[in-house]
Amino acid sequence: MTDCKPKHTLTGHTQKVTAAKFMSSLQRAVTGSWDRTVKIWDLNKADCVRTIQVPSRCNDVVCSEYFIISGHHDKKIRFLDSRCEGCMHEIELQERVTSLDISPDQTQLLSCSRDDTLVLIDLRMGTYNSSMQVFRADGFKCGSDTTKAIFSPDGGYTLAGSFHGGLYIWNMHTGKLETSLHGQHSSTVNAVSWCLSGDYVVSVDRQRKMVLWNEF
């Protein structure tokens, strides 16, 4: 980061790369692609060390040191073991999965999907399907196959951008919409990020406009 120049270029996917995340050791990374593969990379060697074939286009991934969770075009969330190619478990949602995020304490999984819902899954429960909480809001519409939803740094809130340019924030404890932010974007908000202090939110829309929010 000191000279802002790329250290490595990782090549191997044959279609659009939709996700790239560090594993917990920071010496490895995971990428997901529309070529129906999830790849694990050794960042010291700039080399792919494992390719996991998946049945559907991958829209997002999250991971720890030994497991990878991927969200797919076929409406499924897949739990993968990074040490082998098998799928350990899968959950089918109502529509295409656009994003995934893990809570700061690693106990909750958040998904966003094209049925205009966010789903919270308790990773501590053995039967994930029986431990899901669904978040909706009037006016919220998932605008693309890669729309992102994220946790706040303290895990108490979740944030997602909408088709009409608004940002929606839910309270994770009550399950209710906390607030919505409007007036800055005129197209679909595809990506959002929350600064570590929790004081600022950044959003980016389809027209390449970025907005920094400090009142919400």
Side-chain angles (χ1 to χ4, degrees), residues 10-23 28-41 48 50-64 67-82 85-103 106 108-121 123 128-129 132-136 140-151 158-165 167-168 170 187-194 202-208:
L10 307 177
T11 59
H13 286 294
T14 59
Q15 293 189 37
K16 182 178 181 178
V17 178
T18 52
K21 302 288 174 61
F22 286 109
M23 300 187 79
R28 291 192 172 191
V30 176
T31 55
S33 170
W34 282 2
D35 65 5
R36 301 187 180 189
T37 67
V38 173
K39 291 181 179 289
I40 303 173
W41 305 84
C48 178
R50 186 176 300 279
T51 297
I52 303 173
Q53 302 289 334
V54 289
S56 176
R57 296 193 315 190
C58 179
N59 288 332
D60 204 2
V61 296
V62 292
C63 55
S64 70
F67 72 86
I68 300 166
I69 308 174
S70 53
H72 295 270
H73 195 76
D74 65 358
K75 311 177 188 179
K76 292 184 178 180
I77 297 172
R78 291 182 168 87
F79 294 76
L80 310 169
D81 190 329
S82 63
E85 294 191 14
C87 176
M88 299 185 297
H89 187 75
E90 62 181 34
I91 298 171
E92 184 167 0
L93 300 183
Q94 297 299 312
E95 260 298 344
R96 297 189 297 275
V97 181
T98 70
S99 78
L100 299 172
D101 195 26
I102 290 185
S103 62
Q106 302 281 301
Q108 306 283 334
L109 176 70
L110 179 71
S111 72
C112 181
S113 55
R114 290 306 300 265
D115 62 348
D116 308 326
T117 64
L118 277 61
V119 174
L120 184 69
I121 301 168
L123 296 175
Y128 301 124
N129 300 68
M132 296 194 300
Q133 183 178 2
V134 179
F135 297 83
R136 297 182 176 89
F140 175 73
K141 182 175 177 60
C142 180
S144 78
D145 284 351
T146 55
T147 293
K148 304 301 181 189
I150 60 170
F151 284 102
T158 184
L159 166 70
S162 180
F163 173 79
H164 298 293
L167 274 66
Y168 290 75
W170 287 265
S187 64
T188 298
V189 176
N190 287 334
V192 288
S193 183
W194 215 312
V202 176
S203 55
V204 179
D205 65 29
R206 185 170 287 176
Q207 296 179 349
R208 303 180 182 180

For [X] versus [Y], what's the shortest heavy-atom pair and its separation?
{"X": "S111", "Y": "I77", "result": "CB-CD1, 3.9 Å"}
{"X": "S56", "Y": "D74", "result": "OG-N, 3.0 Å"}
{"X": "G165", "Y": "V189", "result": "O-CG2, 3.7 Å"}
{"X": "G71", "Y": "V97", "result": "CA-CG1, 3.7 Å"}
{"X": "T188", "Y": "G143", "result": "CG2-CA, 3.7 Å"}
{"X": "C142", "Y": "S113", "result": "CB-O, 3.5 Å"}

Using side-chain heavy atoms (C-beta onward) and a distance below 4.5 Å, is [X] in contact with [Y]?
{"X": "I91", "Y": "F79", "answer": "yes"}
{"X": "L93", "Y": "D115", "answer": "no"}
{"X": "N190", "Y": "V204", "answer": "no"}
{"X": "T158", "Y": "W194", "answer": "no"}
{"X": "V62", "Y": "K21", "answer": "yes"}
{"X": "S162", "Y": "L167", "answer": "no"}
{"X": "S99", "Y": "T146", "answer": "no"}
{"X": "H13", "Y": "T37", "answer": "yes"}

What's the spacing between [X] [atom1] and [Y] [atom2] if we round to 0.5 Å?
{"X": "C48", "Y": "I40", "atom1": "SG", "atom2": "CD1", "value": "8.0 Å"}
{"X": "R136", "Y": "Y168", "atom1": "CZ", "atom2": "OH", "value": "15.0 Å"}
{"X": "E92", "Y": "K76", "atom1": "CD", "atom2": "NZ", "value": "5.0 Å"}
{"X": "R28", "Y": "R50", "atom1": "CZ", "atom2": "CZ", "value": "8.0 Å"}
{"X": "I52", "Y": "D81", "atom1": "CD1", "atom2": "CG", "value": "8.0 Å"}
{"X": "E90", "Y": "H72", "atom1": "CD", "atom2": "NE2", "value": "9.0 Å"}

Trace of the side-chain contact (heavy atoms from CB on, under 4.5 Å) decision for F151 with L109: CA-CA 9 Å; F151 284 102; L109 176 70; over 6 Å; no
Pair K39-T51, side-chain donor/acceptor within less than 3.5 Å: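 A donor-acceptor contact under 3.5 Å links the two side chains.
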Any side-chain donor near an acceptor of the partner, T18 and W34, under 3.5 Å: no
I102 vs L100, side-chain contact (heavy atoms from CB on, under 4.5 Å): CA-CA, chis, key distance, verdict: CA-CA 7 Å; I102 290 185; L100 299 172; over 6 Å; no
Positive for salt bridge (charged side-chain N to carboxylate O under 4.0 Å, His left out) with D145, one of K16, R96, K75: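 Of K16, R96, K75, salt bridge (charged side-chain N to carboxylate O under 4.0 Å, His left out) with D145 is met by R96 alone.
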Short side-chain to backbone donor-acceptor contact, S33 and Q15, under 3.5 Å: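 Confirmed, S33 side chain pairs with Q15 backbone.
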Under 3.5 Å donor-acceptor, T98 side chain and C112 backbone: yes
Q94, CD: over 12 other non-hydrogen atoms inside 6.0 angstrom: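 No, not enclosed.
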Worked verdict on L120 versus M132 for side-chain contact (heavy atoms from CB on, under 4.5 Å): CA-CA 5 Å; L120 184 69; M132 296 194 300; over 6 Å; no
Full working for side-chain contact (heavy atoms from CB on, under 4.5 Å) between T117 and V134: CA-CA 7 Å; T117 64; V134 179; 3.9 Å; yes
Sub-6.0 Å ring centroid separation between F140 and W170: yes
Test: K148 and D60 ion pair at under 4.0 Å: yes
